[in-house]
S.K.: 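Below is a structure I'd like to ask you about.
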Amino acid sequence: MTSPTASSRSPRRPAWAGRNYSLLTTAAVVTGLGSHGALVASAFAVLETGGDGGDVGLVAAARTLPLVLFLLIGGAVSDRLPRHHVMVAANVLNCLSQAAFAFLVLTGEPRLWHMMLLAALGGTGQAFFGPAAEGMLMSSVDGENAGRAFAVFRMAMQGAALGGAALGGAMVAAIGPGWVLAVDAAAFAVAGALRASLDVGHIPPRAPGGGLLTDLRDGWREFAGRPWLWGIVVQFSIANAVVAAADAVYGPLVARDHLGGAGPWGLALGAFGAGTVAGALLMTRWKPRRLLFAGTLCVFPLALPSAALAVPVPIGVLYGVMFLAGATVEVFGVSWMTALHQEIPEHKLSRVAAYDWFGSVALVPLATAAAGPAEDAFGRTAALWGCSGLVVLVTAAVLCVPDVRDLRRRTAPVAQGGTEPASADAERPVGGLG
């Protein structure tokens, strides 16, 4: 792994927090504040136009479907083009789509297809942004300090989620969802400007590749050859789907019917964010030797929020449950990023990250779109208990994979197969596609 040169570090920052790392963290905070408020705003924008739970699910599915369709391409492109250029272009698309969404909500009654189309544009931007951002972040820290750097990054990001969800819910209740969406558009603009100033001069140029399809095959071989990697991705393909259905569809409905509306639900999401901050803070100090075993054990409490909504518990109890789930799942998140950083070659990070993201979100559109019909068929309570049970089942199953239990932490970077690692972050012509 390469890291920014000493000249790019500020004496006021820790030695491992170079200029690129600091810019990436700041930009993530800015977009986190806007995006987590916008998640609350988009759901209540649908409900305020007369939509029901099925309509909320369709908008959520429209946001995620392009993410599934374009993630693999986004990962391959991000390992060929300069990653920071891909990130900025994605931020521009997200800014424009959210600005249009805000304009429609503020000036009239947007139709369902309007909201679905704009949500889909946002998902397309995320498909290219996510793999590029993950690869760029991992190339900005060294192996010895990776765990602490990722914990601090995630603590900052989750702190933004805490503030964004809480402020977003309060703003939706006070001035309506349109203004929250407008703030999100402005946040994307600011973050894009920060990411445009990333320094990639220290990163060596990559050798010419064999085309986009070759890159996709290389990424698949890297992914499929590691049981711990694909096993956990399969686990989260199911867990993320049911949690997304609970948070995006059932949560707002339970909040409207039993908890007092957008404000309390925003605070509940904020409690989850506060828990992730606490979990990340813990991981700046704790370095479990068996990374994935410790992390996977901490996924079980992710089943608790759906169960709490199924009862439903009083709002104060829900806050506590959300905090606990956030804290424990963040232990997994830092452990997962550290494992990827130490095991995957730098020049393949974005491709592997794309397969990770693809598997993790592949079922989310289906789950969110099916949430409304499932509620009609089985009832909201039964659907929420089903979400909770599936999280427990798949988490127990992945512990049967030996590599998940046995992978050990180390500080030396992964071997690069005897060749000099090449990076997509260097400015150079790119070979033809396909």
S.K.: Considering non-hydrogen atoms only, spot the tightest contact between Ala119 and Val59 and give its length.
M.R.: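 Looks like CB-O, 3.7 Å.
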S.K.: Output yes when a side-chain donor or acceptor of Tyr250 lies under 3.5 Å from a complementary backbone atom of Leu309, and no otherwise.
M.R.: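 Side chain of Tyr250 to backbone of Leu309, a donor-acceptor pair under 3.5 Å: no, none is there.
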S.K.: Residues two or more places apart in sequence or in another chain: which of them pass salt bridge (charged side-chain N to carboxylate O under 4.0 Å, His left out) with Arg290?
M.R.: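 Expected list: none.
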S.K.: Please list, one pair per line, the donor and acceptor atoms closer than 3.5 Å that link side chains of residues 260-267 to other protein atoms, with sequence neighbours excluded.
M.R.:
none

S.K.: With sequence neighbours left out, write down each residue that passes side chain to side chain donor-acceptor pair (under 3.5 Å) with Ser306, or none if nothing qualifies.
M.R.: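 Scan of Ser306 (side chain to side chain donor-acceptor pair (under 3.5 Å), adjacent residues dropped) gives none.
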S.K.: For a quick test of reading the model, state the closest non-hydrogen atom pair linking Ala303 to Val392 and the distance between them.
M.R.: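 For Ala303 and Val392, the tightest heavy-atom pair comes out as CB-CG2, 3.7 Å.
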S.K.: As a test of understanding, state which of Leu297, Val299, Leu304 forms a side chain to side chain contact (heavy atoms under 4.5 Å, CB included) with Pro301.
M.R.: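 Between Pro301 and the candidates, side chain to side chain contact (heavy atoms under 4.5 Å, CB included) is satisfied uniquely by Leu304.
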S.K.: Would you list the atom pairs, donor with acceptor, under 3.5 Å between side chains in residues 272-279 and any protein atom, with sequence neighbours excluded?
M.R.:
unit_1 : atom_1 : unit_2 : atom_2 : d
Thr276 : OG1    : Gln158 : OE1    : 3.3
Thr276 : OG1    : Gly273 : O      : 2.6

S.K.: What closest approach, in Å, do Thr338 and Val334 show between heavy atoms, and which atom pair accounts for it?
M.R.: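 Closest pair (atom of Thr338, atom of Val334, distance): OG1-O, 2.8 Å.
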S.K.: Does any N or O in the side chain of Asn240 come within less than 3.5 Å of the main-chain N or O of Ser360, such that one atom is a donor and the other an acceptor?
M.R.: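 Indeed, once roles are kept as given, a pair shorter than 3.5 Å links the two residues.
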S.K.: Holding to side chain to side chain donor-acceptor pair (under 3.5 Å), I want the full list of residues that pass it with Thr31, two or more places apart in sequence or in another chain.
M.R.: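 Not a single residue meets the side chain to side chain donor-acceptor pair (under 3.5 Å) criterion with Thr31.
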S.K.: Taking Cys400's backbone N and O only, do any of them form a donor-acceptor pair with Arg405's side chain (distance below 3.5 Å, no angle check)?
M.R.: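 Judged by distance alone, yes, a pair lies under 3.5 Å.
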S.K.: Just by modelled atom types, is the Ile344 backbone N or O under 3.5 Å from a matching donor or acceptor in the Arg226 side chain?
M.R.: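 No, because the side chain of Arg226 does not come within donor-acceptor range (under 3.5 Å) of the backbone of Ile344.
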S.K.: Do any pairs count as a ring pair (Phe, Tyr, Trp, His ring centres under 6.0 Å) and have a residue in residues 95-135, sequence neighbours left out, and if so which ones?
M.R.: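 Sorted result for residues 95-135: empty, none.
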S.K.: For Asp257, what residues pass the side chain to side chain donor-acceptor pair (under 3.5 Å) criterion, not counting sequence neighbours?
M.R.: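 Checked Asp257 against side chain to side chain donor-acceptor pair (under 3.5 Å); matches are Arg380.
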S.K.: Distance-only check: which donor-acceptor pairs under 3.5 Å involve side-chain atoms of residues 319-328, not counting sequence neighbours?
M.R.:
unit_1 : atom_1 : unit_2 : atom_2 : d
Thr328 : OG1    : Cys298 : O      : 3.3
Thr328 : OG1    : Leu324 : O      : 3.0
Thr328 : OG1    : Ala325 : O      : 3.2

S.K.: Between Phe223 and Trp220, what is the ring plane arrangement, given parallel below 30°, perpendicular above 60°, and tilted in between?
M.R.: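 Tilted: the ring planes of Phe223 and Trp220 meet at 30° to 60°.
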S.K.: Out of curiosity, Asn20 CG to Thr25 OG1, how far, rounded to the nearest 0.5 Å?
M.R.: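 Here the rounded value is 10.5 Å.
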S.K.: Please report the interatomic distance CH2(Trp385) to CG(Leu390), rounded to the nearest 0.5 Å.
M.R.: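 Rounded to the nearest 0.5 Å, the CH2-CG separation comes to 13.5 Å.
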S.K.: For residues 227-239, run the donor-acceptor check on the side chains, cut-off 3.5 Å, and write out each pair with its distance to 0.1 Å, sequence neighbours left out.
M.R.:
unit_1 : atom_1 : unit_2 : atom_2 : d
Gln235 : NE2    : Thr395 : OG1    : 3.2
Ser237 : OG     : Val234 : O      : 2.6

S.K.: Among all residues two or more places apart in sequence or in another chain, which pass the side chain to side chain donor-acceptor pair (under 3.5 Å) test with Arg221?
M.R.: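 Expected list: Asp218.
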S.K.: With sequence neighbours excluded, tell me which residues meet salt bridge (charged side-chain N to carboxylate O under 4.0 Å, His left out) with Arg195.
M.R.: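 Arg195 satisfies salt bridge (charged side-chain N to carboxylate O under 4.0 Å, His left out) with no residue once adjacent residues are dropped.
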S.K.: Looking at every heavy atom in both Thr296 and Val404, which two are closest together, and how far apart are they?
M.R.: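 Closest pair (atom of Thr296, atom of Val404, distance): OG1-CG1, 3.7 Å.
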S.K.: Checking side-chain hydrogen bond (donor to acceptor under 3.5 Å, both in side chains) for the pair Arg63/Ser42: CA distance, chi angles, key distance, verdict?
M.R.: CA-CA 11 Å; Arg63 183 185 303 110; Ser42 61; 3.2 Å; yes
S.K.: Given side chains that start at C-beta, do those of Val394 and Val398 come closer than 4.5 Å, heavy atoms only?
M.R.: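 Val394 does not reach Val398 side chain to side chain.
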S.K.: Give every donor-acceptor pair under 3.5 Å between a side-chain atom in residues 181-189 and any protein atom, sequence neighbours left out.
M.R.:
unit_1 : atom_1 : unit_2 : atom_2 : d
Asp184 : OD1    : Ser35  : N      : 3.0
Asp184 : OD1    : Ser35  : OG     : 3.4
Asp184 : OD2    : Gln98  : NE2    : 2.6

S.K.: Any side-chain to backbone donor/acceptor pair from Ser388 onto Leu384? Under 3.5 Å, distance only.
M.R.: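 No; judged by distance alone, with no hydrogens or angles, the pair does not exist.
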S.K.: Report yes if some heavy atom in the side chain of Pro131 is under 4.5 Å from a heavy atom in the side chain of Arg83; otherwise report no.
M.R.: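 No, too far: nothing below the 4.5 Å cut-off.
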S.K.: Kindly indicate, with the supporting measurements, whether the criterion side-chain contact (heavy atoms from CB on, under 4.5 Å) is fulfilled by Phe332 and Leu302.
M.R.: CA-CA 11 Å; Phe332 169 83; Leu302 193 61; over 6 Å; no
S.K.: For Ala294 and Trp286, which heavy atoms make the closest approach, and how far apart are they?
M.R.: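 For Ala294 and Trp286, the tightest heavy-atom pair comes out as CB-CH2, 4.0 Å.
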S.K.: One pair to check against side-chain contact (heavy atoms from CB on, under 4.5 Å): Gln342 and Leu291. What are the steps and the verdict?
M.R.: CA-CA 11 Å; Gln342 80 172 26; Leu291 281 168; 4.2 Å; yes
